[in-house]
Amino acid sequence: MKPLVVVGDTILDIDIEGVADRLSPEAPVPVVDVERQWVRPGGAGLAAALAARSVAAVSLVTATTDDQDGRTLARLLDRDVQLVPMLLRGETVRKTRIRAAGQSLLRLDTGDGTADGGSVSASVIETLRAAGAILVADYGRGVAAHPQIRQLLTELARFVPVVWDPHPRGPAPTPGVSLVSPNLKEARQFAPGYAEPDELAKVLRDEWAADSVAVTTGPGGAVLANGKRLTMVPVPAEIRIAGHARSDTCGAGDRFASAATAALFDGSPVADAVSHAVDAAARFVAAGGAATLSICDSTAAAQAHVADEGRSAFEVAAQIRARGGRLVATGGCFDLLHPGHVSLLRQARAMGDALVVCLNSDASVRRLKGPRRPIVQAGDRARLLTALSSVDAVVVFDESEPSALLARLRPDVWVKGGDYSGADLPEAQVVRGYGGEIALIPTVPGYSTSQLVGGGGGGGGGARQKQRAGGTPPKK
């Protein structure tokens, strides 16, 4: 099968999250107490990772170098994308957002890397010529401006769909591409003197000699100039309702472009591809945006271990939401899996279309249960859980409770067992804050890991263990 090929500049994206509840005494600026750090591929790397959600084979032609950030990017992309490298001059570009309470406070950009202008390798040429569709994700770092790449794209646009996501610091799209997808701000920079999306779409289509131009307008959807036709493509009403005013829109343009390219790859006409892309981008933002592809640094090793067993939790979440399904999640230590756990998981899975288990890391279990726990290491606990037919994915978290993880995963239903009321859950505010539901399932009497270890738990007749301080359910 021919691959979908993404061409462009790859960036390492980092989110540093914390709490900002006071000002610095040296200056009137917030002090952020850092809680965790998340990493993900950015730029063309993000576009490629998103394309891999839609098609079976994705190749990424991008400029790379062997520094620490470059190696991190390669590891993040390795699972879903075939990396076809060009030479990068300078350091890998890194963009770091400092965030608190769901808001970005500051962005720090480092790295001066640009694509080398010399001859590209035979593997780059072969990959482009083998493409079933091509997405140019330009981030102004030289890949889309490379003379040899541009010559190939001009030639190939006559035979395969080419989508171009432009950048103000990058070159104009090559002639004859199927679709160019600037956002409204970018379009106004490309065509000064014009302000309205419909004017911009028509002017830029002619200026770039493109088959079509879609100017994306955020919550307004997109305006498509396709030949002589002008079409307004709105965001579906149900997605607008589901979205939140403070939703993180990072990566929305990459999701639009990758979804449009995938639709053209599958043979859709441009108008249908743009409609599909508007829907996909809106669902992507409503589901949490680029954060859904992030991995927490503190649990990266555990995450990688779990990923070897199947799809990641965020992949499952994205796929369920893409088809309008209902995502359920539950969490706990699950140390020594027993019938009480199995009962909870089966009931939770019956509430929706997929079940993600949020699993306490080994360090988290020790804090909750004491120095002799866990009995079973996180990797083995995850493997046991993913072997159950009721569990679709497992994600490991390092904190004592999963509020930060839930803020990113955003399940429709959060299930807990034990003697809780909804008000007792420390994560209840997060779940209800994004519009999720909380479901409480009684534990199976007589089963808890603590009783099993102590010899007190065997069947259904034992007394239920009292809930321990700190909100940990007795069944865990």
Peer 1: Charged N to carboxylate O under 4.0 angstrom, Glu207 versus Lys202?
Peer 2: no
Peer 1: Output every pair passing side-chain hydrogen bond (donor to acceptor under 3.5 Å, both in side chains) with a member in residues 64-74, not counting sequence neighbours, ordered by first then second residue.
Peer 2: Asp66-Arg71, Asp67-Thr92, Asp69-Arg94, Thr72-Arg75
Peer 1: Please examine the side chains of Leu230 and Leu224, heavy atoms only from C-beta on, and report whether any two atoms are closer than 4.5 Å.
Peer 2: no
Peer 1: For Asp211, give me all partners under salt bridge (Lys or Arg N to Asp or Glu O under 4.0 Å), at least two apart in sequence or on another chain.
Peer 2: none
Peer 1: Do the side chain of Glu401 and the main chain of Ser403 share a donor and acceptor less than 3.5 angstrom apart?
Peer 2: yes
Peer 1: Val223 versus Val233: any side-chain heavy-atom pair under 4.5 Å?
Peer 2: no
Peer 1: Any side-chain heavy atom of Thr216 sitting closer than 4.5 Å to one from Leu184?
Peer 2: no
Peer 1: Does Glu199 have any side chain to side chain donor-acceptor pair (under 3.5 Å) partners at least two apart in sequence or in another chain, and if so, which?
Peer 2: none
Peer 1: Indicate whether the side chain of Tyr139 and that of Asp254 have a donor and an acceptor atom separated by less than 3.5 Å.
Peer 2: yes
Peer 1: Only pairs at least two apart or in different chains count here, so list each side-chain hydrogen bond (donor to acceptor under 3.5 Å, both in side chains) that has a residue in residues 224-237.
Peer 2: Ser212-Asn226
Peer 1: With no hydrogens and no angle check, just 3.5 Å: does a side-chain donor-acceptor pair link Ser364 and Asp398?
Peer 2: no
Peer 1: So, do Pro41 and Leu73 sit near enough that their side-chain heavy atoms are less than 4.5 Å apart?
Peer 2: yes
Peer 1: Strictly below 4.0 Å, N to O, side chains only: are Arg283 and Asp279 in salt-bridge contact?
Peer 2: yes
Peer 1: Tell me, please, whether Trp414 has Arg432 positioned over its six-membered ring: NZ or CZ under 6.0 Å from the ring centre and within 45 degrees of its axis?
Peer 2: no
Peer 1: Under the side chain to side chain donor-acceptor pair (under 3.5 Å) test, which residues partner Arg205, sequence neighbours left out?
Peer 2: none
Peer 1: Counting distance only, does the side-chain N/O of Asp116 pair as donor-acceptor with the main-chain N or O of Leu87 below 3.5 Å?
Peer 2: no
Peer 1: Please, which pairs that meet ring pair (Phe, Tyr, Trp, His ring centres under 6.0 Å) have at least one residue in residues 248-278, sequence neighbours excluded?
Peer 2: none
